[in-house]
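See below for the structure under consideration.
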Amino acid sequence: MFDPSFLHGTVPIDDGFLHYVIGGTGPALVMMHGWPETWWEFRKVMPELARTHTVIAFDMPGMGDSSVQADGYDTKTQAARMHLALNRLGFGEVKLLAHDQGAVTGYVWARDHPGEVTRLVVLDSVLNGFGLEDLYGKDFHFLLNMEPHPVPEEIITDASVAMFHGNVFRKFARHPERIDIQHYIDAYMDPARRSAGYKIYRSWAANAEDIRANAESKRLSQPVLAIGGEHMLALDVAKSFRHVAGNVRGVVVPDAGHWPQEENPQFVIDCAKLFFGPAGVPAPSPALANCVA
């Protein structure tokens, strides 16, 4: 069960629709998840942030309850879809809180629509072309997911989803027991949604080329809060995003791995409230000092 004050909806995009969950009042705050998750990864932080913002958590294209597109899983196309969806919902400006591959899409959205995205929080993700390639040796799923169709589609069957996805969550978590792993396993039981995830990985080379090509000419001026889990990417997130943005602050989430919004949600809430809130509010602890607006 989730907070009943939030409503579910869908918004059309040119090649399908996006499912979203919305609640709260105030400026728009969009949340974008990564692989292999859904909007559900933000369930622990959404109600508190909805006290001061209209929180909109999307299922990314091809995932969750959003439609599965035939192609266009590179971050530039994904960012264009998010821009279109936001405008069709009637919002002109937005703050972003994004995790994993959603954070890379969030950067491209902020880059290509700088007047629309005013502030960006990225959770435990580094960019294609600026650090992500260094992670390929950390687990076999990176290169497997990039294999051409139908290699991963045939290898990862309904019977092996729990093993494969469960391994990803447990390997990169400090506290896997705090993650709703079964929910995400269920969400990827549909082979079409698994294939959509592989298409995201297959787009990484194109993403890297695009991101490197525009790193200087379209350098972000918006404030970027780069949050890394203590036991995963930590300050490497800020190091990566400094290649593409001029105002980047690094923050380390204590006692968390790759899934800080689930492993240590209170820290993420406290940090996001400072960064998305009014300027000058002092941090209650040294660990939150870089979160201050």
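Note that these values count all heavy atoms, side chains included, but never hydrogens, waters or copies made by symmetry.
- Taking a cutoff of 4.0 Å between a charged side-chain nitrogen and a carboxylate oxygen, Asp210 and Arg111 qualify as a salt bridge.
- For the pair Ala287 and Val251, the tightest heavy-atom approach, listed with the atom from each and the gap, is O-CG1, 4.1 Å.
- Val104 and Leu235 fall into different hydrophobic clusters, defined by Ile, Leu, Val, Met, Phe, Trp and Tyr side-chain heavy atoms under 4.5 Å apart, directly or through other members.
- Environment of NZ in Lys44: crowded, with over 12 heavy atoms of neighbouring residues, nucleotides or ligands closer than 6.0 Å.
- Interatomic distance, CG of Leu96 versus CG of Leu120, reported as 5.5 Å (0.5 Å rounding).
- Both tests do not hold together for Arg202 against Tyr73: distance to the six-membered ring centre under 6.0 Å, angle to the ring axis within 45°.
- Glu116 and Trp109 share a side-chain donor-acceptor pair at under 3.5 Å.
- The CG atom of Asp65 lies 10.0 Å from the OG1 atom of Thr10; values are rounded to the nearest 0.5 Å.
- The shortest heavy-atom contact between Ala196 and Gly62 is CB-O, 3.7 Å.
- With respect to His8, the ring pair (Phe, Tyr, Trp, His ring centres under 6.0 Å) criterion is satisfied by exactly one of Phe2, Tyr20, Trp39: Trp39.
- When all heavy atoms of Glu41 and His33 are compared, the closest pair comes out as OE1-CB, 2.9 Å.
- Residues Thr118 and Glu93 bring no donor and acceptor atom of their side chains to less than 3.5 Å of each other.
- Atoms OG and CG, from Ser125 and Leu132 in turn, are 6.5 Å apart once rounded to the nearest 0.5 Å.
- The shortest distance between side-chain heavy atoms of Leu49 and Leu29 falls below 4.5 Å.
- The two residues Phe91 and Ala28 come nearest to each other via the heavy atoms CD2-CB, 3.6 Å.
- When side chains are defined from C-beta on, Pro284 does not count as touching Asp270, because their heavy atoms never get closer than 4.5 Å.
- Using a 4.5 Å cut-off between side-chain heavy atoms of Ile, Leu, Val, Met, Phe, Trp and Tyr, with links allowed through other members, Val252 and Leu97 fall into different hydrophobic clusters.
- Atom-to-atom distance recorded for Glu263:CD and Arg174:CZ is 9.5 Å, nearest 0.5 angstrom.
- Contact of the Glu37 side chain with the Phe42 side chain is not registered, since no non-hydrogen atoms from C-beta on lie closer than 4.5 Å.
- Electrostatic pairing of Glu48 and Lys273 counts as a salt bridge here, judged by a charged N lying under 4.0 Å from a carboxylate O.
- Within the 6.0 Å centre-distance limit, the rings of His113 and His83 are counted as a close aromatic pair.
- Of all heavy-atom pairs spanning Gly250 and Ala238, the tightest one is CA-CB, 3.7 Å.
- In this structure, OG on Ser203 lies 9.5 Å from CE on Met146, to the nearest 0.5 angstrom.
- Shortest non-hydrogen contact noted between Pro36 and His165 is CB-ND1, 3.4 Å.
- Side-chain contact between Trp259 and Asp100: absent, with no pair of heavy atoms (C-beta onward) separated by less than 4.5 Å.
- Under the 4.5 Å side-chain heavy-atom criterion for ILVMFWY residues, a single connected hydrophobic cluster contains both Val68 and Tyr201.
- A single hydrophobic cluster is seen to contain both Val121 and Leu288, as judged by linkage of ILVMFWY side chains at heavy-atom distances under 4.5 Å, directly or through other members.
- Atoms CZ and CG, on Arg81 and Leu18 in that order, are 8.0 Å from each other to the nearest 0.5 Å.
- When side chains are defined from C-beta on, Phe58 does not count as touching His19, because their heavy atoms never get closer than 4.5 Å.
- Side-chain contact between Phe164 and Leu144 is present, with heavy atoms from C-beta onward closer than 4.5 Å.
- Residues Tyr184 and Trp35 fail the side-chain proximity criterion, which asks for heavy atoms closer than 4.5 Å.
- In this structure, Phe142 and Phe172 have perpendicular ring planes: the angle between them is above 60°, well past the 30° mark.
- Using a 4.5 Å heavy-atom cutoff, the side chains of Leu127 and Phe241 are in contact.
- Between His258 and His231, the gap from one ring centroid to the other reaches at least 6.0 Å.
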